[in-house]
There are 2 protein chains.
Amino acid sequence: MIQAERRFEILKHLHTEGAVYIDQLSSLFDVSPMTIRRDLASLEEEGRLIRSHGGAVLPETLTQEIPYQTKLSSYTAEKQEIARKAVERIPEHSRVLLDSGTTNLEIAKLLSKRDDLLIVTNDAKISMELLNSECQVISTGGELQRGVGAFIGAHVQEFLKQIKVDIVFIGANAVHPTEGISTPTLEKSYIKKQMLKNASVKWVVADYSKFNKRSFAHVCDLEEINGIITDGQIDSNTVEELQKVTNVY
Amino acid sequence: MIQAERRFEILKHLHTEGAVYIDQLSSLFDVSPMTIRRDLASLEEEGRLIRSHGGAVLPETLTQEIPYQTKLSSYTAEKQEIARKAVERIPEHSRVLLDSGTTNLEIAKLLSKRDDLLIVTNDAKISMELLNSECQVISTGGELQRGVGAFIGAHVQEFLKQIKVDIVFIGANAVHPTEGISTPTLEKSYIKKQMLKNASVKWVVADYSKFNKRSFAHVCDLEEINGIITDGQIDSNTVEELQKVTNVY
DNA sequence: ACTAAAACAAACAAATTCAAACATTTCTTT
DNA sequence: AAAGAAATGTTTGAATTTGTTTGTTTTAGT
């Protein structure tokens, strides 16, 4: 066994075991510990492992996926509750469209093991969240809204026109019993409208702080959607009001 | 047995065993070790193996779809050096296209304050890196390559056809003086080709470990690009060889 | 905080491998 | 058949790898 071969084996070992030990490698390859040390030093220089007393481990960047700082959003607990309810409504082998927003990000976090799903999203953070997941992920691309992580612009429109999905989860800034769903910018309302157009089942996700509000740009009426998924803190009068025109979960 | 035949057998051996040894080959073909050395040297030139004291091993580019994870943090120092050189070559108010890859990710990290730039990329990680930056960011979108963070698929092609940029930075898995730039999958080679087509200035970024190698799918010849940006560890003979056909920085 | 055991790395030594230069053989071409 | 080119072998000093020794540093237990 030659040097390059041994070093390659060390890396292989490291990747399967997560860590390697000098005395273990030394007896495995029947070479002196000093030789292994030199191997590890060289591999560390290449950035392929991190040395530590007695052995080496994988560099952090390899083991953990970067939890891309998902800026602490408000009402996280509520959004997680909504997300749990939402994933129950995703049948196997669905094609799912996830609108941008933190509630949908929570949904994405629960989907990483669902290898039966195809997920389309216009949210960069959701893409990253699913980078190491089992599902197939498609991003719309487009102009990145700074800070937010949503893709916007005409390109998103064009992209969405080209696809059909089974389920869409739309985020909402404002939900009103008679005025329906609205959002602060025209731009986003166009995108959400297009999303609703090409989905068979349409859900709106919104925590209790979004209800009985109206925003600038109208997205859709409540009759057009299959239902609203929200959290337990929503006021019961509001639920009653809403249930006249749509389902509330 | 003639030279070409023997060299072919050496490669066959290498592919089945993963490694070959000079004394083993020497007695197998009944030639002197020096002859085997010359064979290995020649095959290494062609990028078909990596020599090591006493023998040779397969280049990693061929052994596997490198679990990108290992590539992730390899040669980070070199990539940072390359990134520093690269950003010097970005004039104000440029429209920049960043190919997927860790070297370009390092470039992106250096661009966050450049509010004069428009950056287009097919790498989800680069998008995220620039999420809180000053520059305008556009993502191609497309099918997310799991683990890697690159967007691939026909959509990326279509998107790239629609845009023109001032500068492109292409990542390379393999750079060879006569064979040019190549990459492990056809898919990626198409994308890189399209990127080169619509850029005025074309740079290839590659750390020293990528040189004198050939991979599966050809991307472009060295004459077609404005230059290669690499790190200081590159061997001076290689530089000399490359400078016959392109610029090396 | 102190101490003993283990791990480490610098320096040197031995063995092996390498490659340049030259010699020899084999193959091609005329 | 002779000359030239290409491939291979041989010699030899240099370079690389590995192991060993030795003193230092780190770790872990009391």
Self-check item: Flag for B:Thr121-B:Asp123: side-chain donor and acceptor within less than 3.5 Å
Solution: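 Absent: no donor and acceptor within the cut-off.
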Practice problem: Go through the side-chain N and O atoms of B:Ser200 and B:Asp166 and say whether any donor and acceptor fall under 3.5 Å apart. | Solution: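 B:Asp166 and B:Ser200 do not have a side-chain donor-acceptor pair below 3.5 Å.
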Rounded to whole Å, please give me the gap between [atom1] in [X] and [atom2] in [N].
| X | N | atom1 | atom2 | result |
| --- | --- | --- | --- | --- |
| B:Asp23 | C:dA15 | CG | P | 18 Å |
| A:Arg7 | D:dT17 | CZ | P | 7 Å |
| B:His53 | D:dG19 | NE2 | P | 14 Å |
| B:Ile36 | C:dA19 | CD1 | P | 14 Å |
| B:Asp39 | D:dG9 | CG | C1' | 13 Å |
| A:Glu5 | C:dT17 | CD | C1' | 16 Å |
| A:Phe29 | D:dT18 | CZ | P | 12 Å |
| A:Met1 | D:dT18 | CE | P | 11 Å |

Any side-chain N or O of [X] less than 4.0 Å from the OP1 or OP2 oxygen of [N]?
| X | N | value |
| --- | --- | --- |
| B:Arg51 | C:dA19 | yes |
| B:Gln3 | D:dA6 | no |
| A:Arg37 | C:dC8 | yes |
| B:Thr35 | D:dT8 | no |

Quiz prompt | A:Asp30 CG: over 12 foreign heavy atoms closer than 6.0 Å | solution =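 Not buried by this count: 12 neighbours or fewer within 6.0 Å.
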Practice problem: Give one of base, sugar-phosphate or nothing for B:Ile2, where a contact means two heavy atoms less than 4.0 Å apart. | Solution: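 If one applies the 4.0 Å heavy-atom cut-off, B:Ile2 turns out to touch nothing in the nucleic acid.
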Quiz item: Are the side chain of B:Arg51 and the backbone N or O of B:Leu40 linked by a donor-acceptor pair below 3.5 Å?
Solution: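 Checking the backbone N and O of B:Leu40 against the side chain of B:Arg51, no donor-acceptor pair under 3.5 Å is found.
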Quiz item: On DNA chain C, nearest-nucleotide positions of B:Ser52 versus B:Arg38: which is more 5'?
Solution: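 By nearest-heavy-atom nucleotide position, the 5'-most residue is B:Ser52.
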Quiz item: Which of these, A:Ile90, A:Thr103, A:Val87, A:Ile82, sits in a side-chain contact (heavy atoms from CB on, under 4.5 Å) with A:Phe169?
Solution: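 When A:Ile90, A:Thr103, A:Val87, A:Ile82 are each tested with A:Phe169, the side-chain contact (heavy atoms from CB on, under 4.5 Å) holds only for A:Ile90.
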Self-check item: A:Ile22 side chain, from C-beta outward: closest of C:dC8, D:dT17, D:dT10
Solution: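 Nearest to the side chain of A:Ile22 among the choices is C:dC8.
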